[in-house]
**Q** 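My questions will all concern the structure given below.
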Amino acid sequence: MRPRSQSAPASADVTPALASLLERRASACRLTPDRALQSLDEAEVFLAERGMLTLTPDCTLPSLFGACHEEPYRPGGHGFATWPRTKYIWHFELSARPDVHILKIHRGKTLYLSAHTLALVDPLCRTELAHAEAGEYGPAATRLVEYLDAAGPSLVEDVKRELGLDTAALRRLRQRLESAGVLVSRAVAVPAATGTERETSELARWDQRFAVPQSAAATAPEAALDDLVVAGVRAAIVAPREEVGAWFSWPLALSQLDQLVAEGRLSQPQDGWIAVGE
């Protein structure tokens, strides 16, 4: 079922300007079955075009699985059971491609970013890493980023052992730090005791995973958030005003949204709706 935020208003309430944007959005964000993704290559192009994708439909931002238009793995189920019946594997296969980057900055949920959008996020994540090093996320977070700085990217088992953390404590710490881009995790396969392989996670600091983009090196965090929000609106084509400020782990105040409209970077095609400026 499509989230309420992706539903269009009643036709009688739509101005011609908004109607045109909603039509463009339906095509560009692949909201109809005739625009369903047919291959993994096509999915990668979809990300490059839109700049960012959520995993499952949960807001107006375009969605990878939403664009598949495939029945769920287990109808009526929850969690993984709602993933596409055959294309669920695309989540893992797409993440392995070099120009695809997966973060948890969508309020702790998966967000695919293109290389261009990743550069917009970089100043925000480096600032949060500096906050963690300075103790603003608590002593446990400081110990974790200092450990990774010395040891390099590490398996979760090694982190738990070296820092004396149990599974629940590390999970809570990861949720906070990955949501802010301080940490970046990736799935890796390691040898299992049975002689086969098992999957685990490798944790790295932001600065261990990504080089500083020249275009973003001198960008202030506040300006970077503006750039990220504008990129999000561009990805969605048009979005409800009340939703835009809550897309990312760094909330955008309505006054900041009004300022972006005043500057012409965003526009209001109709009361309650936001699009990119002309």
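A quick note: this is a predicted structure, and the numbers were derived from the prediction, not measured.
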**Q** For Asp271, is the CG atom crowded, meaning more than 12 foreign heavy atoms sit under 6.0 Å from it?
**A**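 Check fails, neighbour count at 12 or below.
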**Q** Hey, are the side chains of Trp83 and Phe65 touching, using non-hydrogen atoms and a 4.5 Å cut-off?
**A**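 Side-chain contact under 4.5 Å: yes.
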**Q** In this structure, are over 12 heavy atoms from other groups packed under 6.0 Å from Arg198 atom CZ?
**A**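 Count over threshold, so yes.
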**Q** Hey, is the main chain of Ser95 close enough, under 3.5 Å, to the side chain of Arg186 for a donor-acceptor pair?
**A**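 No, Arg186 side chain to Ser95 backbone: no donor-acceptor pair under 3.5 Å.
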**Q** Would you find more than 12 non-hydrogen atoms of other residues, nucleotides or ligands less than 6.0 Å from Tyr147 atom OH?
**A**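 Result for OH/Tyr147: enclosed.
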**Q** Heavy atoms, side chains only, cut-off 4.5 Å: are Arg30 and Phe46 in contact?
**A**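 Sidechains of Phe46 and Arg30: in contact.
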**Q** For the CD atom on Glu23, are there more than 12 heavy atoms of other groups (residues, nucleotides or ligands in this structure) within a distance under 6.0 Å?
**A**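 Check fails, neighbour count at 12 or below.
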**Q** Let me check something: do Trp247 and Leu254 share a hydrophobic cluster, defined by ILVMFWY side-chain heavy atoms less than 4.5 Å apart, either directly or through other members?
**A**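 Linked, Trp247 and Leu254 end up in one cluster.
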**Q** If hydrophobic clusters are built from ILVMFWY residues whose side chains come within less than 4.5 Å, do Leu120 and Leu47 share one?
**A**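 The answer is no; the residues belong to distinct hydrophobic clusters.
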**Q** Given 3.5 Å as the limit, does a donor-acceptor pair link the side chain of His69 with the main chain of Thr32, or not?
**A**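 The answer is yes, because a donor-acceptor pair under 3.5 Å joins these two groups.
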**Q** So do the side chains of His91 and Ile102 get within less than 4.5 Å of each other, counting heavy atoms only?
**A**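 Contact flag for His91/Ile102 side chains = yes.
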**Q** Val238 vs Val233, test: side-chain contact (heavy atoms from CB on, under 4.5 Å). Steps then yes/no.
**A** CA-CA 6 Å; Val238 64; Val233 175; over 6 Å; no
**Q** Can a donor-acceptor pair be found between the side chains of Trp206 and Glu128 at a distance below 3.5 Å?
**A**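 No pair is found: no donor N or O on one side chain lies under 3.5 Å from an acceptor on the other.
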**Q** Are any side-chain N or O atoms of Arg143 and backbone N or O atoms of Leu163, one a donor and one an acceptor, separated by less than 3.5 Å?
**A**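 Indeed, once roles are kept as given, a pair shorter than 3.5 Å links the two residues.
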**Q** Hey, are the side chains of Arg174 and Arg171 touching, using non-hydrogen atoms and a 4.5 Å cut-off?
**A**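 Not touching, per the 4.5 Å side-chain cut-off.
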**Q** Write down the atom of Thr127, the atom of Pro221, and the distance for their closest heavy-atom approach.
**A**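 Shortest heavy-atom contact: OG1-CG, 3.2 Å.
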**Q** Between Glu133 and Thr142, does any side-chain donor sit less than 3.5 Å from a side-chain acceptor?
**A**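 No, Thr142 and Glu133 have no side-chain donor paired with an acceptor closer than 3.5 Å.
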**Q** Does Ser154 reach the main-chain N or O of Gly152 with its side chain, forming a donor-acceptor pair under 3.5 Å?
**A**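 Yes; judged by distance alone, with no hydrogens or angles, the pair exists.
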**Q** Looking at Glu242, I want to see if its CD is surrounded by more than 12 non-hydrogen atoms of other residues, nucleotides or ligands under 6.0 Å.
**A**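 No.
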**Q** Counting only N and O atoms by type, is there a donor-acceptor contact under 3.5 Å from the side chain of Glu136 to the main-chain atoms of Ala132?
**A**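 No; zero donor-acceptor contacts below 3.5 Å.
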**Q** Take Leu225 and Asp227 through the test side-chain contact (heavy atoms from CB on, under 4.5 Å) and record every step on the way to the result.
**A** CA-CA 5 Å; Leu225 180 56; Asp227 293 342; over 6 Å; no
**Q** State, with a plain yes or no, whether a side-chain heavy atom of Asp149 is found less than 4.5 Å away from one of Val145.
**A**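 Contact flag for Asp149/Val145 side chains = no.
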**Q** Can you see whether Lys104 engages Thr110 through a side-chain donor-acceptor pair at a distance of less than 3.5 angstrom?
**A**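 No donor-acceptor contact under 3.5 Å links the two side chains.
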**Q** Nearest 0.5 angstrom please: Cys68 SG to Arg85 CZ, how far?
**A**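 Going from the SG atom of Cys68 to the CZ atom of Arg85 covers 12.0 Å.
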**Q** Run Leu21 and Trp273 through side-chain contact (heavy atoms from CB on, under 4.5 Å) and show every step you take.
**A** CA-CA 10 Å; Leu21 286 166; Trp273 291 83; over 6 Å; no
**Q** For Thr117 and Gly51, indicate whether the former's side chain and the latter's backbone hold a donor-acceptor pair under 3.5 Å.
**A**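 Such a contact is found between Thr117 side chain and Gly51 backbone.
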**Q** Find the distance between CG (Leu203) and CG (Leu144) and round it off to the nearest 0.5 Å.
**A**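 Those atoms lie 6.5 Å apart.
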**Q** His106 and side chain to side chain contact (heavy atoms under 4.5 Å, CB included): which partner among Leu53, Leu61, Leu55?
**A**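 Considering Leu53, Leu61, Leu55, a side chain to side chain contact (heavy atoms under 4.5 Å, CB included) with His106 is found only for Leu61.
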**Q** Between the side chains of Glu157 and Thr200, does any donor sit under 3.5 Å from an acceptor?
**A**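 Distance-only check passes for Glu157 and Thr200.
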**Q** Is it true that Val244 and Leu113 fall in one hydrophobic cluster, defined by side-chain heavy atoms closer than 4.5 Å?
**A**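 Both belong to a single hydrophobic cluster.
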**Q** Report whether Leu228 and Val230 are members of the same hydrophobic cluster (ILVMFWY, side-chain heavy atoms less than 4.5 Å apart, transitive linking).
**A**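 Yes, same cluster.
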**Q** Roughly how far, to the nearest 0.5 Å, is the CZ atom of Phe210 from the NE2 atom of His101?
**A**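 Going from NE2 on His101 over to CZ on Phe210, the span is 6.0 Å.
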**Q** When you compare the side chain of Thr54 with that of Leu111, does any pair of heavy atoms fall below 4.5 Å?
**A**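 Leu111 reaches Thr54 side chain to side chain.
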**Q** Under 3.5 Å, side chain of Gln175 to main-chain N/O of Gly108, donor-acceptor pair present?
**A**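 Such a contact is absent between Gln175 side chain and Gly108 backbone.
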**Q** Please determine whether the number of non-hydrogen atoms from other residues, nucleotides or ligands lying under 6.0 Å from atom CZ of Arg97 exceeds 12.
**A**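 Atom CZ in Arg97 is packed in, count exceeds 12.
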**Q** Would Asp58 and Lys109 count as a salt bridge (Lys or Arg N to Asp or Glu O under 4.0 Å) if you check the C-alpha gap in whole Å, the side-chain angles of each, and the deciding distance to 0.1 Å?
**A** CA-CA 10 Å; Asp58 60 29; Lys109 292 177 286 189; 3.4 Å; yes
**Q** Going through the checks in order, is the salt bridge (Lys or Arg N to Asp or Glu O under 4.0 Å) test met by Arg241 and Asp258?
**A** CA-CA 10 Å; Arg241 172 186 166 88; Asp258 291 338; 2.9 Å; yes
**Q** Please test Leu18 against Thr15 for side-chain contact (heavy atoms from CB on, under 4.5 Å), starting from the C-alpha separation and ending with a verdict.
**A** CA-CA 5 Å; Leu18 179 56; Thr15 63; 3.6 Å; yes
**Q** Determine yes or no for a side-chain-to-main-chain donor-acceptor pair under 3.5 angstrom, with Thr82 supplying the side chain and Gly79 the backbone.
**A**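 Side chain of Thr82 to backbone of Gly79, a donor-acceptor pair under 3.5 Å: yes, one is there.
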**Q** Of all the heavy-atom pairs spanning Glu202 and Pro153, show the shortest one and how long it is.
**A**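 So the two residues come closest at CD-CB, 3.8 Å.
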**Q** If every non-hydrogen atom of Glu70 is compared with every non-hydrogen atom of Pro84, which pair is closest and at what distance?
**A**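 Heavy atoms of Glu70 and Pro84 come nearest at OE1-CB, 3.2 Å.
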**Q** Measuring only between side-chain heavy atoms, which start at C-beta, is Asp99 closer than 4.5 Å to Glu44?
**A**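 Sidechains of Glu44 and Asp99: in contact.
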**Q** Could you tell me which non-hydrogen atom of Ala231 sits nearest to which non-hydrogen atom of Met52, and how far apart they are?
**A**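 Closest approach of Ala231 to Met52, heavy atoms only: C-CE, 3.8 Å.
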**Q** Do Phe248 and Leu118 belong to the same hydrophobic cluster, where Ile, Leu, Val, Met, Phe, Trp and Tyr are linked whenever their side-chain heavy atoms lie under 4.5 Å apart, directly or via other members?
**A**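 Linked, Phe248 and Leu118 end up in one cluster.
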**Q** Mark yes or no: Arg176 above the aromatic ring of Tyr137, with NZ or CZ under 6.0 Å from the six-membered ring centre and no more than 45 degrees from the axis.
**A**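 Here Arg176 fails the 6.0 Å and 45° test against Tyr137.
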**Q** For a quick test of reading the model, state the closest non-hydrogen atom pair linking Ile237 to Arg50 and the distance between them.
**A**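 What the structure gives for the nearest pair is CD1-NH2, 3.4 Å.
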**Q** For Ala236 versus Arg25, what's the shortest heavy-atom pair and its separation?
**A**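 So the two residues come closest at O-NH1, 3.1 Å.
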**Q** Roughly how far apart are Leu183 CG and Arg205 CZ, rounded to 0.5 Å?
**A**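 If I round to the nearest 0.5 Å, the distance is 9.0 Å.
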**Q** Would you mind reporting whether Ile274 and Val261 have side-chain heavy atoms less than 4.5 Å apart?
**A**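 Yes; the side chains approach each other to less than 4.5 Å.
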**Q** Please answer whether the main-chain N or O of Leu148 pairs with a side-chain N or O of Gln208 as donor and acceptor at a distance below 3.5 Å.
**A**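 Present.
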**Q** Okay, side chain of Ser249, backbone of Ser179: is any donor-acceptor separation there less than 3.5 Å?
**A**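 It does hold such a pair.
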